[in-house]
Amino acid sequence: MFKKVLVANRGEIAVRIIRACRELGLETVAVYSEADRLALHVRLADEAYLLGPAPSRESYLRADKIIEIAKKSGADALHPGYGFLAEREDFAQTCLNEGLAFIGPKPSSIAAMGDKMTARETVRKAGVPVVPGTEDVGNMSDENLLSIAPKIGFPLLVKATAGGGGKGMREVHSLDEMPELLKSARREAESAFGDGNVYLEKLVEGARHIEIQILADGHGNVIHLNERDCSIQRRHQKLVEEAPSPFLDDELRQRMGEVAVKAAKAVDYVNAGTIEFLVDKDKNFFFLEMNTRLQVEHPITEMITGVDIVKEQIRVARGRPLQYKQEDIKINGAAIECRINAEDPYNGFMPSTGKITHSLLPTGPGIRVDTGVYPGFEITPFYDPMISKLIVWGETRAQAILRMRRALEEYRIVGVRTNIPFHQTLMDSHRFMGGQYDTRFVEERFAIHDDNDPAIAEIAAALATLAAHQQTQRAAQFVQRNERDTSNWKWVGRWERMHR
Amino acid sequence: MFKKVLVANRGEIAVRIIRACRELGLETVAVYSEADRLALHVRLADEAYLLGPAPSRESYLRADKIIEIAKKSGADALHPGYGFLAEREDFAQTCLNEGLAFIGPKPSSIAAMGDKMTARETVRKAGVPVVPGTEDVGNMSDENLLSIAPKIGFPLLVKATAGGGGKGMREVHSLDEMPELLKSARREAESAFGDGNVYLEKLVEGARHIEIQILADGHGNVIHLNERDCSIQRRHQKLVEEAPSPFLDDELRQRMGEVAVKAAKAVDYVNAGTIEFLVDKDKNFFFLEMNTRLQVEHPITEMITGVDIVKEQIRVARGRPLQYKQEDIKINGAAIECRINAEDPYNGFMPSTGKITHSLLPTGPGIRVDTGVYPGFEITPFYDPMISKLIVWGETRAQAILRMRRALEEYRIVGVRTNIPFHQTLMDSHRFMGGQYDTRFVEERFAIHDDNDPAIAEIAAALATLAAHQQTQRAAQFVQRNERDTSNWKWVGRWERMHR
Amino acid sequence: MKYITTVNGTEFNVEILDDKHIRINDKLLDVDFESVSGQPVFSLIIGGKSYEAYVSPDGDNWEVLLHGRLYQAEVEDERERRLHGAGGVSANENGEFHLKAPMPGLVVATPVSEGQSVQKGQVLIILESMKMQNELKAPRDGIVSRIRIKSGETVEQKQTLLSLL
Amino acid sequence: MKYITTVNGTEFNVEILDDKHIRINDKLLDVDFESVSGQPVFSLIIGGKSYEAYVSPDGDNWEVLLHGRLYQAEVEDERERRLHGAGGVSANENGEFHLKAPMPGLVVATPVSEGQSVQKGQVLIILESMKMQNELKAPRDGIVSRIRIKSGETVEQKQTLLSLL
């Protein structure tokens, strides 16, 4: 039974894991890059050790240093979070070799599911339906892929073998454009995973991305916690998730759950994992991949089932049987998560960096915010743009949407741009309210609105004029001063002084 | 069916009500004093109107102005929150006369329960046990009370007839000290309620303060949402509440619930209300009073039952039947609330005022923070010192306590002192963990600890030395400047500039 | 003080009468305009309605983010407007265009070369930031006059990367 | 720089070696000491352990609020200490005591009068703030030398209300 957990991650998920450990009475060890000295996970952990410079490759991907720190600090377990080293079977194996409990699946399960082509084959043999695509296992050359593509048919997807999170993924509509897209997919995959291999998969049109949360212990018990609908995506990045899916009925839910359990058992799975499916218009579902780790969007499942997935991961890693049986898992109400990213929805979702000067979190009943940032913290270009997850629960889906609207309206983040206006527009859209969306909805049938309510335009005019007027009045007062140096902090400082 | 609700309150409860309205699609009207122009309830409401200067008597207690604003703004309903005008039957009556739906009970129910002596008589006649005390109804002179006191027996409590919240309450141990205490109780009652009348009640020793949440609709349905244990008090002010009570068993819970429903029916009660009981060591329980309004600590009941009490209040006020029947109400897990007050636990809990310069809310699973303040907001001496309510839920009471500990440890509020260290000490105390406390626990058997772990004292020494050293180094750099003006904002400004 | 403020193509005549009163077109309104926590977030109570918005300068214009919608506002004072004459297409439209880094990042590729003709929408530079590769595209047709960075280079926000003629 | 720091009666010899190293008594430790968000909240990583505390000056001393406990620390640099000699009961203990308002509020009552003898713990003034009546008590025995306020008066924080001889 381990007592001290090294959290090999950063940001909101590191904070989430540290909280679970603390609530279980376990000590925590944080690791951090030079950019993260004052990150929340460092502030909240019992111990903290520097890994190296800001770039991930020199810090959070430094498996060797992480193991060294685990030994130095006396940690006897490691939680990898998601991303970074979470799905590297060699890293999981090293942990075990070094006597560290790995809070995740066995290395063999990671390996079986980590290579996406092998995974397809494994689950197909276990009787799980898969999306049509390349069926060979092993690295394939561009020539090879170009010759197979017409047999699969267009449109199709180029996907990274080592992939996940939409990285190294490209949509191909014709053979002509394929060579160029293969090149860019391989380049992105190489940069993201250190592995440029790709495979092909038929693009299922009008599909929904629906995934099943799995929990399995070391005593042969495997249960599922129902589904999450993650079809609201942009560039294959999930933006909004909800549970339960408005698209599923109980019968399909149960069938998909059973198949997911089967897929997990096929790789002898232990701990938390997620089976991702595509579900087409006719409610046929196909295995897409398994994420052998904690998922970003796990909180919505926690909200509707009452299960604390991270605590359960830790209990399972300590050798305990699951606290729940399948029949204990009930769906209570509805939950939605909006991923709040530091990016500008009015400028092609370009990442936005800078120091957060102020924030106001929405709070109150049915609201949960998982975040790793706070006022004074600097958003750097080195890591993922996701700065927080806004999660709401409601007695019904309609109430959850209404609650999400009010939470988004309340949320203030100053210093970086965020995609909150995107989420507000989405929550107002009739198609989202009606549950009528698929994975292409955001890109093809949705625009962040520039509809112009004249009454509100008038208010905007008043606001802009008052702010401009105030600025002019103040500039007059400052005119004697040497105003050459207007570097950011001075401006902020002056701003603050002016407003006290 | 009303559409626009005026919220006749401020602070966290005004925010709570505005959120519920927004989630129900209702428009909201805030009212505010000059001190509250930038208060959160003003920022979040659809409309906002100034009431007057900061003191409550010139703003939040100005019933006439509030009614005038309701009419001007076209509000067709009013939610009084708690405190201020919430338990004034004349105000409720005026609302009805002016065609405003009053989101609360009928004026006659407020009247019946508002005069605490009348209330005792009413419920006693309905067969509800009451604490022994003065039995006459009507205003009593000091002479009268002094002659009755020995019959009731000491120790006893002097309580304000119009009272609540511990104001105008005094504990009397002998006849000698009684005249002086009557005087101060009347003075405080006069100042708090504009009514200096008091009555006497036997002090039940070793008692717990346990209250039952009631919901009643206009169709004759009355249910209870189980109990809250509010025994953690100081100077008769609740500091921590939990639900369910670790002291109650199912049989007693059910009996108290039934009696509470009976008490509510005795005054023909509609809307949300709370029946407060004292429960002695032998599990005898006595009616204390009924609060004919939403209660500060309502969120813990929401956490364990899933019922949104404020939304249910609004639905009931719109004439709808209750959404729940008694058998729908189940207890799920355990919830605790800590009232975070701007007061210094190391200095006799003296109120602390000032501008909040920074805050970091605890977030994550099972945490809810209801607050009306934010960084940049000024805590003034005009209102209640409660600046936020930290509420946690856990699968068990033990898990809720562990979660509360980690949440308190994470919570940062800079700019005013808070009682967070008090709560941390309490959550660490074995007696609280064991559920062994009564209403005298905090005052008689609890001290905010000054126990001295030498390892931590060493860290404190390092922190103080490093801060002092840094200050000395910086002072050297600033020595040429004219440092005479060290008014607060300049100091903060300099501090911030130094740390950028 | 009189202003002419244009929001999404609609002009508003806004007159600031004093601290608490403005006139918009013909309407006289009570206003209470306050910055929140010294931030570029403003609380405006106008005719009893309460609004809160992010308001910040954006070049010569103002951006107002209100109720999840972004408004671009041009605020001109009346004198200024008279000097400039009516209309107001801003100058400099046909000058050199300098592509600036919208955020700090790593230059992954520059798929164009100096002297090359490019079309509006063509990818000029791929910049990696926050684990995403971002394609920076030509805002108009033109000729690449100068490339100021190399692949593999780390750039600062607003650093000029490339110029178009 | 060498300091002698006293926390709850225990003395620690603390030497600041450089930005990243200190010695406490005999222990050499790595330290990383940073203010959070420019606030009097500090993150300290010391020998791998991560702590966060509110640290602020309190008169001549320092207050450290750490893990829900308040520590009063006296920090003297070695030279200063040598000058003052050992021990160090602060002077001024028997001078006049000025009762200052701990917060802004309304004076509800002054149950003592000028010239009156009072005992330690006796109520001198009742001050209402945040809806609570707060009794301000005598910190020692003495004679009320001057009352500077009247009932019903509003006072500022730190305003002197009353003096004791």
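All chains are named by letter (A, B, ...) in the order of the sequence lines, taking the proteins before the strands, and each is independently numbered beginning at 1.
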query: Side chain, backbone, both or neither: which part of Ala467(B) has an atom under 4.5 Å from a heavy atom of chain D?
result: both
- prompt: Among side-chain atoms of Tyr411(B) and Thr418(B), is any donor-acceptor pair under 3.5 angstrom?
  reply: no
field: Leu390(B) CG to Ile340(B) CD1 distance, which is reported to the nearest 0.5 Å
entry: 5.5 Å
query: Sub-3.5 Å donor-acceptor pair from the side chain of Glu114(D) to the main-chain atoms of Ile147(D), do we have one?
result: yes
query: Where does Glu409(B) contact chain D at under 4.5 Å (heavy atoms): side chain, backbone, both or neither?
result: side chain
- prompt: Which region of Lys27(D), side chain (C-beta onward) or backbone (N, CA, C, O), has a non-hydrogen atom less than 4.5 Å from a non-hydrogen atom of chain B, or is it both or neither?
  reply: side chain
Options Ile459(B), Asn347(B), Leu408(B), Val414(B), ranked by heavy-atom pairs under 4.5 Å with chain D, top entry: Ile459(B)
- prompt: Where does Ser191(B) contact chain D at under 4.5 Å (heavy atoms): side chain, backbone, both or neither?
  reply: side chain
message: Can you classify the ring geometry of Phe33(D) versus Phe42(D) as parallel (below 30°), tilted (30 to 60°) or perpendicular (above 60°)?
response: parallel
Tyr60(B)-Phe382(B) aromatic ring centre distance below 6.0 Å: no
- request: Just give me the residue among Met350(B), Glu343(B), His423(B), Glu458(B) that pairs up with chain D most often, heavy atom to heavy atom, under 4.5 Å.
  value: Glu458(B)
message: By the definition salt bridge (Lys or Arg N to Asp or Glu O under 4.0 Å), identify the one residue from Lys167(B), Lys159(B), Arg170(B) that meets it with Glu188(B).
response: Arg170(B)
- prompt: For chain D, which of Asp384(B), Thr353(B), Leu360(B) has the most heavy-atom pairs under 4.5 Å?
  reply: Asp384(B)
query: Looking only at side chains, do Arg10(B) and Ser33(B) share a donor and an acceptor under 3.5 Å apart?
result: no
What side-chain donor-acceptor pairs closer than 3.5 Å can you find for residues 14-22 of chain D, not counting sequence neighbours?
{"unit_1": "Asp18(D)", "atom_1": "OD1", "unit_2": "Lys20(D)", "atom_2": "N", "d": "2.7"}
{"unit_1": "Asp18(D)", "atom_1": "OD1", "unit_2": "His21(D)", "atom_2": "N", "d": "3.0"}
{"unit_1": "Asp18(D)", "atom_1": "OD1", "unit_2": "His21(D)", "atom_2": "ND1", "d": "3.0"}
{"unit_1": "Asp18(D)", "atom_1": "OD2", "unit_2": "His21(D)", "atom_2": "ND1", "d": "3.4"}
{"unit_1": "Lys20(D)", "atom_1": "NZ", "unit_2": "Asp32(D)", "atom_2": "OD1", "d": "3.4"}
{"unit_1": "His21(D)", "atom_1": "NE2", "unit_2": "Asp30(D)", "atom_2": "OD1", "d": "3.4"}

- line: Greatest number of non-hydrogen atom pairs under 4.5 angstrom with chain B, of Leu106(D), Asp77(D), Leu66(D), falls to Leu66(D)
- line: So, the part of Leu463(B) with a heavy atom under 4.5 Å from chain D: the answer is both
query: If you count heavy-atom pairs under 4.5 Å between each of Val108(D), Leu29(D), Val64(D), Asn25(D) and chain B, which one has the most?
result: Val64(D)
field: Which portion of Thr380(B) sits near chain D, non-hydrogen atoms under 4.5 angstrom
entry: backbone
task: Identify which part of Arg417(B) has an atom lying under 4.5 Å from any heavy atom of chain D, answering side chain, backbone, both or neither.
output: side chain
task: Examine Phe349(B) together with Phe422(B) and report whether their ring centres are nearer than 6.0 Å.
output: yes
field: Heavy-atom proximity to chain B below 4.5 Å, by part of Ile126(D)
entry: side chain
- request: Find the one option among Gln157(D), Met1(D), Glu52(D) whose heavy-atom pairs under 4.5 Å with chain B are most numerous.
  value: Glu52(D)
